Amino acid sequence: MNIAVIGTGYVGLVSGTCFSEMGNKVTCVDIDSSKIEKLHKGIIPIYEPGLEAMVLKNVKNKNLYFTTDFKTAIENAEIVFIAVGTPMGDDGSADLQYVVSVAKSIGETMQESIVVVDKSTVPIGTADKVRITIQEQLNKRGVTINFDVVSNPEFLKEGAAINDFMKPDRVVIGADNNYAVEKMKQLYAPFSMSHDRFIAMDIRSAEMTKYAANAMLATKISFMNEVANICEKVGADANQVRIGIGSDSRIGYNFIYPGCGYGGSCFPKDVKALKKIASEYDYDAKLISSVEEVNDAQKLVIANKIIKRFGENLTGNTFGIWGLAFKPGTDDMREAPAIYVVKELVKRGAKIQAYDPKAMYEAEACYLKNIENITYVDSKYKALENADAMVLLTEWKEFRSPDFDEIKKMLNTTVIFDGRNQYNMFNLAEKGFEYYQIGK
Ligand SMILES: NC(=O)c1ccc[n+]([C@@H]2O[C@H](COP(=O)([O-])OP(=O)(O)OC[C@H]3O[C@@H](n4cnc5c(N)ncnc54)[C@H](O)[C@@H]3O)[C@@H](O)[C@H]2O)c1
């Protein structure tokens, strides 16, 4: 099939590349010319394991193209994906300006019947908005061209995006006619050869499914963080409680690891957007609001432990930070807990020595830009040189089983703050460390 993917970010680039891997002819479009230039040179603008090799292979095979020219991209396309950002607006709702602008461009340029697919995470009712916007442009041009609008929310996880896309748990399609469902089934058939993972439903339910999924996962995280905070107060150990409850198959072990809160490009904005959607329909989403409140506070739990240990004024203190990305396997720093922890410490006069395997450029160029007192170093142990404590914020594999003798050698003191409860099995007290974690 000929496919156009509009928006070449985490979702657009991964989706487009994976569709091309299955033999489709895919053109990825972006308005960011520097991104497209990089891709033309074989440089992948984001870090995602396995992505680079797959992009280069499919460009070489002439299955994958990149352009800033919208018209060329949709000229022969049978299916056009909208995969642009839907960032948090000022009032907490999803900002639809990029989606609407793409819909307008589609209406202005399309020549043949197409299926337009909303892959961006969008509020309920957006497919109607996209349909109306396209139709308005066709009316202006005085032409009659059939088109369908379909919702196909994306569930990939950054850091495992290729695997998630190639072997999805499910493919959700919201559509209002059989032709569109069948077209999408054909496109996705190669991704579910062993058993059918295709779930067709009405459009609004598909749009809602994405928000419900993210809100459920965020709820599990906030729930466990709240339990961990209570554990600490009552003298229980959140690590043991986690194992105790996770063993119940109705609860499960996933997403109940106590930590310094969820971040990233999806959970924070999608939880907020769902709360806003509910309020627009006169429903007060109390649970969703609490999930967000718990998470906002959780991002500062480690910073508060540091302040309790070293004092309100941290002038003269240096902290070695391990991990800046919002989770391992990505360079994405959107809403990462590290942003909040670092800012809180620096505000109190602390110096930071930071190391992350992939996110240091993002941190320096954008999310921690213009913050003085941060030095970025190229190895985890260098970040601890003459520091007063080590602070773990992202559970990258290379941090999982460090050389604690080396850590001791580098640090001024022997204090470890573990924002991801990675080291509770290492008996750090016996090794002579002062060890702080979440929920104990
Ligand atoms: N990142 C994830 O893990 C993830 C997972 C599931 C769903 N989503 C959803 O997918 C959508 C995209 O997320 P993302 O993380 O890929 O965003 P992103 O910011 O990485 O990428 C969006 C891209 O769209 C481009 N763009 C904006 N307007 C455009 C236009 N008019 N024409 C062409 N390109 C345009 C931007 O330049 C940018 O490169 C969002 O709605 C997000 O909530 C993201």
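Just so it is clear, the values below take in all heavy atoms, side chains as well, and ignore hydrogens, waters and symmetry mates. Counting convention: from 1, in listed order, for ligands and their atoms alike. Quick caveat, the model's predicted, so the values are computed rather than measured. Here, residue 1 is the first one in the sequence, and each next residue gets the next number.
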Which pairs count as salt bridge (Lys or Arg N to Asp or Glu O under 4.0 Å) when at least one residue sits in residues 20-29, sequence neighbours excluded?
Glu21-Lys57
Applying side chain to side chain donor-acceptor pair (under 3.5 Å) as the test, list every pair that has at least one member in residues 142-152; sequence neighbours left out.
Lys119-Asn152, Asp148-Asn177, Asn152-Tyr188
Between ligand 1 and the protein, give all atom pairs where both partners are nitrogen or oxygen and the distance is under 3.5 Å, as lines of names plus distance to 0.1 Å.
| residue | atom | partner | partner atom | Å |
| --- | --- | --- | --- | --- |
| ligand 1 | 1 (N) | Glu158 | OE2 | 2.7 |
| ligand 1 | 1 (N) | Ser265 | OG | 3.3 |
| ligand 1 | 3 (O) | Glu158 | OE2 | 3.2 |
| ligand 1 | 15 (O) | Arg334 | NH2 | 3.0 |
| ligand 1 | 16 (O) | Tyr10 | N | 3.0 |
| ligand 1 | 16 (O) | Val11 | N | 2.8 |
| ligand 1 | 20 (O) | Tyr10 | N | 3.2 |
| ligand 1 | 34 (N) | Ile31 | N | 3.4 |
| ligand 1 | 37 (O) | Asp30 | OD1 | 2.6 |
| ligand 1 | 39 (O) | Asp30 | OD1 | 3.4 |
| ligand 1 | 39 (O) | Asp30 | OD2 | 2.6 |
| ligand 1 | 39 (O) | Lys35 | NZ | 2.6 |
| ligand 1 | 41 (O) | Thr86 | OG1 | 2.5 |
| ligand 1 | 41 (O) | Thr121 | N | 2.9 |
| ligand 1 | 43 (O) | Thr121 | OG1 | 3.4 |
| ligand 1 | 43 (O) | Lys269 | NZ | 2.6 |

Donor-acceptor pairs under 3.5 angstrom involving side-chain atoms of residues 369-377: please list them, not counting sequence neighbours.
none

If you measure from SG on Cys266 to CG on Leu156, what distance do you get to the nearest 0.5 Å?
8.0 Å
Applying the salt bridge (charged side-chain N to carboxylate O under 4.0 Å, His left out) test to Lys157, which of Asp164, Asp169, Asp332 qualifies?
Asp164
Donor-acceptor pair between Glu398 and Tyr355 side chains, under 3.5 angstrom:
yes
